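Notes follow the structure.
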Amino acid sequence: MDIQEYFSLVFSDYTLRTITLGTAILGAICGMLGSFAVLRKQSLLGDAISHAALPGIALAFMITGTKDTNLLLLGALVSGLIGTFWIRGMITKTHLKSDTALGLVLSLFFGFGMLLLTFIQKQPNANQAGLDKYLFGQAATLVEKDVTLMAIVTGMCLIIMLLFWKEFKILLFDADYTKTLGFNTRFIDILITFFIVLAIVLGLQTVGVVLMSAMLLAPAAAARQWTNKLSVMIFLAAIFGAFSGVFGTAISASQNNLSTGPVIVLVAAVFVFISFIFSPGRGILFKQIRFWQNRRDLKLQKTLQFMFDIAKGHEDISHPHAIKILNNFQGYTKGSLKKMEEKNWVEVEGQKWSLTHDGYTVAKNLYTQE
Amino acid sequence: MEEKIAIRVDDLTVAYNYKPVLWDIDLTIPEGVLMAIVGPNGAGKSTLIKSILGIIDPIAGSVSIYDKPYVKQRKLVAYVPQKGSVDWDFPTTALDVVMMGTYGKLGWIKRPGQKEKKAALEALEKVGMLPFKNRQISQLSGGQQQRVFLARALVQNAAIYFMDEPFQGVDATTEIAIINILKELRKAGKTVVVVHHDLQTVPEYFDWVTFLNVKKIATGPVKDIFNDDNLTKTYGINYKVAVNQ
């Protein structure tokens with residue numbers, strides 16, 4: 001199946017439609033909540049939480065003996081939340097830096113989870129096969145029930161976000177100040193964190209423990225490049241996330257069933273790459289172009305200033321001077337003289353130049369304007 | 001006229017780990033003064049403001065604003081944090097930041113409307129930042145960012161203002177603009193408390209001063225207590241005061 005075939009099938013084929021819808025919704029909610037994580041400088045929190053969810057999955061299986069997705073994800077949710085509270089506790093109680101706390105919880109929980117997984121695999125129980133899909137995710141196992149759950153959580157998250165928009169925004173920008181205004185910052189904080197944990201847990205089945213944090217961060221990082229408005233950023237992040245999901249699924253389904261999670265993450269990375277280079281305000285390309293333009297303009301202005309200094313000594317400012325005097329001056333080239341002529345700053349006649357009235361006024365106001 | 005007490009701090013003690021940062025601070029600040037808190041680095045100046053405002057939990061002590069506990073009087077109090085305490089690359093505009101000053105009175109969930117926007121624009125005008133209202137905040141200079149923070153506090157229309165080093169890293173023009181606004185606030189009967197670093201300007205800017213170095217050294221009118229003796233007690237070295245020159 002090639003990509004074209006995929007897109008013709010996506011609306012008619014039930015399985016394909018379910019999976020695509022699932023990854024799109026997942027991408028959208030992750031992009032939305034990822035924006036919060038990125039702006040709070042908690043980018044690594046997602047990584048820690050997703051790894052912390054692994055032992056929950058294993059334990060849920062050991063206790064119940066079934067592979068019901070909802071039960072396993074409930075286990076993941078509980079252990080993800082425990083991980084989160086450990087991180088918060090460590091930071092507030094021990095004065096460890098947050099990166100240390102995140103790293104500790106991540107490796108501790110992940111190590112424990114892997115231990116449990118290998119233990120389960122040694123058991124003579126045919127049911128255990130397939131638990132390791134939570135490591136790297138397997139979008140193909142998505143069924144309608146999973147997608148419905150994702151849609152409900154995304155809807156809830158959207159409502160909460162719209163309801164508490166003002167509170168979320170001010171907490172993200174200035175938490176201390178928010179507290180002095182009388183808002184319960186702990187409540188807002190827990191609300192945001194809870195939804196981030198929820199989004200991560202929902203994504204485990206599709207993208208897996210290891211790559212989940214990229215789903216949160218990549219769309220948000222890409223979106224930040226294109227806008228200076230929080231609402232637009234979150235909207236764009238959701239769009240980027242959703243498109244990563246759809247394209248990732250399309251590519252993986254059309255290329256002999258490549259693992260979906262990694263492909264989605266790579267597509268998201270392409271969004272980031274493009275945004276870093278081509279976004280008009282913050283992108284590397286336009287920054288460089290602006291830098292060159294500025295340098296060129298400055299060079300011209302330098303020459304103009306020099307001419308101004310010469311011309312203002314004369315009664316008639318348009319008194320012609322030899323081009324030769326400019327030779328000792330670094331900013332001068334034939335090209336720049338021509339450009340200045342185009343701007344009507346100077347007039348060139350033979351081997352002489354003279355400042356025009358326009359040029360004089362521009363030069364005079366060059367460094368006085370705000 | 002009977003003198004009202006705007007802020008009363010009793011036995012306030014704050015510690016990080018086992019090290020006391022503020023030790024048994026008693027402070028009464030009368031209404032309508034423009035007060036500087038001075039002291040060396042690590043003296044707990046910012047901590048004092050933050051624990052009065054409930055951002056830091058003290059080990060002991062209480063704070064009352066106009067004779068009622070602070071938590072009941074939040075709407076009377078505005079705060080200007082240190083400029084460096086937030087990420088100025090946050091995706092928002094100057095006007096939007098100033099609007100945040102109205103959030104407290106709005107309370108949960110309710111969105112700011114035209115009335116709030118008008119108040120924010122007025123505050124921006126007062127600090128001379130109206131032309132920059134739609135500017136992304138990272139594209140403002142340090143002084144402009146400080147003015148935006150000041151406008152955000154002005155929009156709260158409070159009775160008491162706490163400011164954490166509002167003159168840090170701003171140029172002379174901005175410093176004068178800010179101090180003029182503070183003096184206007186005092187004229188309107190507001191109480192202003194400022195963490196301040198530049199001892200030279202204390203007598204010129206302020207009428208009340210608190211010397212702090214973990215413990216409170218002295219508090220009172222500048223003309224009575226701003227002297228060599230208190231400066232030496234606070235900073236530990238013999239301080240030549242500019243005023244005496």
Side-chain angles (χ1 to χ4, degrees), chain A residues 35-43 92-96 159-188 191 220-237 279-282 287 290 370, chain B residues 16-17 46 49-50 52-57 70-83 85-94 96-97 99-112 116 131-132 134-139 149 152-153 155-156 158 160-162 164:
Chain A
S35 305
F36 290 142
V38 166
L39 289 174
R40 300 199 70 186
K41 312 216 182 314
Q42 288 182 333
S43 305
T92 51
K93 297 265 154 39
T94 67
H95 294 270
L96 281 176
I159 290 170
I160 295 280
M161 195 174 73
L162 289 174
L163 214 54
F164 293 105
W165 176 254
K166 159 174 128 263
E167 287 77 12
F168 282 1
K169 180 161 76 176
I170 190 171
L171 181 83
L172 291 176
F173 178 61
D174 194 344
D176 280 357
Y177 182 73
T178 312
K179 215 171 173 181
T180 68
L181 291 181
F183 290 103
N184 184 342
T185 48
R186 245 180 93 86
F187 171 73
I188 311 172
L191 206 59
R224 178 68 188 93
Q225 293 297 106
W226 297 93
T227 176
N228 279 325
K229 223 171 159 223
L230 180 63
S231 51
V232 180
M233 173 180 168
I234 289 174
F235 179 72
L236 276 180
S279 74
R282 302 161 70 97
K287 253 189 193 160
R290 272 196 301 275
E370 276 284 288
Chain B
Y16 296 141
N17 290 334
S46 297
I49 286 192
K50 283 184 182 168
I52 289 175
L53 293 170
I55 297 166
I56 293 174
D57 285 331
Y70 163 71
V71 281
K72 292 201 173 140
Q73 303 278 58
R74 278 189 205 273
K75 290 199 170 63
L76 296 179
V77 178
Y79 173 48
V80 179
Q82 271 186 35
K83 188 160 55 69
S85 66
V86 301
D87 172 17
W88 287 94
D89 197 35
F90 192 81
T92 189
T93 60
D96 220 23
V97 171
M99 294 275 272
M100 289 178 186
T102 66
Y103 287 10
K105 287 213 170 88
L106 283 169
W108 289 91
I109 295 172
K110 216 175 145 205
R111 298 288 182 90
E116 283 75 21
F132 302 94
N134 292 324
R135 205 49 95 78
Q136 146 73 17
I137 52 172
S138 67
Q139 283 152 18
F149 257 16
R152 184 176 70 170
V155 110
Q156 288 181 254
I160 299 171
Y161 291 81
F162 287 97
D164 203 342

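Computed from heavy atoms alone, side chains included, the values below leave out hydrogens, waters and symmetry copies. Small disclaimer: the values here were computed from a predicted structure and weren't measured.
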- [ ] Mind listing the closest non-hydrogen atom pair of Ile109(B) and Glu167(A) along with its distance?
- [x] N-OE2, 2.8 Å

Open item on the list: More than 12 heavy atoms of other residues, nucleotides or ligands under 6.0 Å from CZ of Arg111(B): yes or no?
Closed with: yes

TODO: Check each atom of Phe162(B) against the heavy atoms of chain A and say whether the ones under 4.5 Å are side chain, backbone, both or neither.
DONE: neither

Open item on the list: Take a 6.0 Å sphere around CZ of Phe235(A) and say whether it holds more than 12 heavy atoms from other residues, nucleotides or ligands.
Closed with: no

Open item on the list: Between Arg74(B) (side chain only) and Phe183(A) (backbone N and O only), is there a donor and an acceptor less than 3.5 Å apart?
Closed with: no

Open item on the list: Using every non-hydrogen atom in the two residues, find where Pro91(B) and Met233(A) come nearest and quote the distance to one decimal.
Closed with: CG-SD, 4.0 Å

Open item on the list: Between Phe168(A) and chain B, with a heavy-atom cut-off of 4.5 Å, which part of the residue counts as in contact: side chain, backbone, both or neither?
Closed with: neither

Task: Distance (rounded to the nearest 0.5 Å) between Phe90(B) CZ and Asp174(A) CG - done: 10.0 Å

Open item on the list: I need the residue from Thr92(B), Ile137(B), Asp89(B), Thr93(B) with the largest number of non-hydrogen atom pairs under 4.5 Å to chain A.
Closed with: Asp89(B)

- [ ] Please determine if Lys229(A) and Asp96(B) form a salt bridge, counting it only when a charged side-chain N lies under 4.0 Å from a carboxylate O.
- [x] no

Task: Between CG on residue Leu39(A) and CG on residue Asp87(B), distance to nearest 0.5 Å - done: 8.0 Å

Task: Val71(B), part contacting chain A, at a heavy-atom distance under 4.5 Å - done: neither

- [ ] Supply the atom-to-atom distance Gln156(B) CD to Thr180(A) OG1, rounded to the nearest 0.5 angstrom.
- [x] 6.0 Å

Task: Minimal non-hydrogen separation, Gln139(B) against Asn228(A), with atom names - done: NE2-ND2, 4.4 Å

Open item on the list: Quick check on Arg282(A) against chain B: is it the side chain, the backbone, both or neither that has a heavy atom closer than 4.5 Å?
Closed with: side chain

- [ ] Kindly indicate whether the side chain of Trp108(B), heavy atoms from C-beta on, has any atom under 4.5 Å from the side chain of Leu163(A).
- [x] no

TODO: Please state whether the rings of Tyr177(A) and Tyr79(B) are parallel, tilted or perpendicular, taking 30° and 60° as the class boundaries.
DONE: parallel

- [ ] Check whether Lys169(A) gets within reach of chain B through its side chain, its backbone, both or neither, counting any heavy atom under 4.5 Å.
- [x] both

TODO: Over all heavy atoms of both residues, which pair between Leu181(A) and Tyr103(B) is shortest? Give the atoms and the distance, please.
DONE: CD1-CB, 4.1 Å

Task: Residue Lys75(B) excluded, over 12 heavy atoms near NZ under 6.0 Å - done: no

- [ ] Identify which part of Lys50(B) has an atom lying under 4.5 Å from any heavy atom of chain A, answering side chain, backbone, both or neither.
- [x] side chain

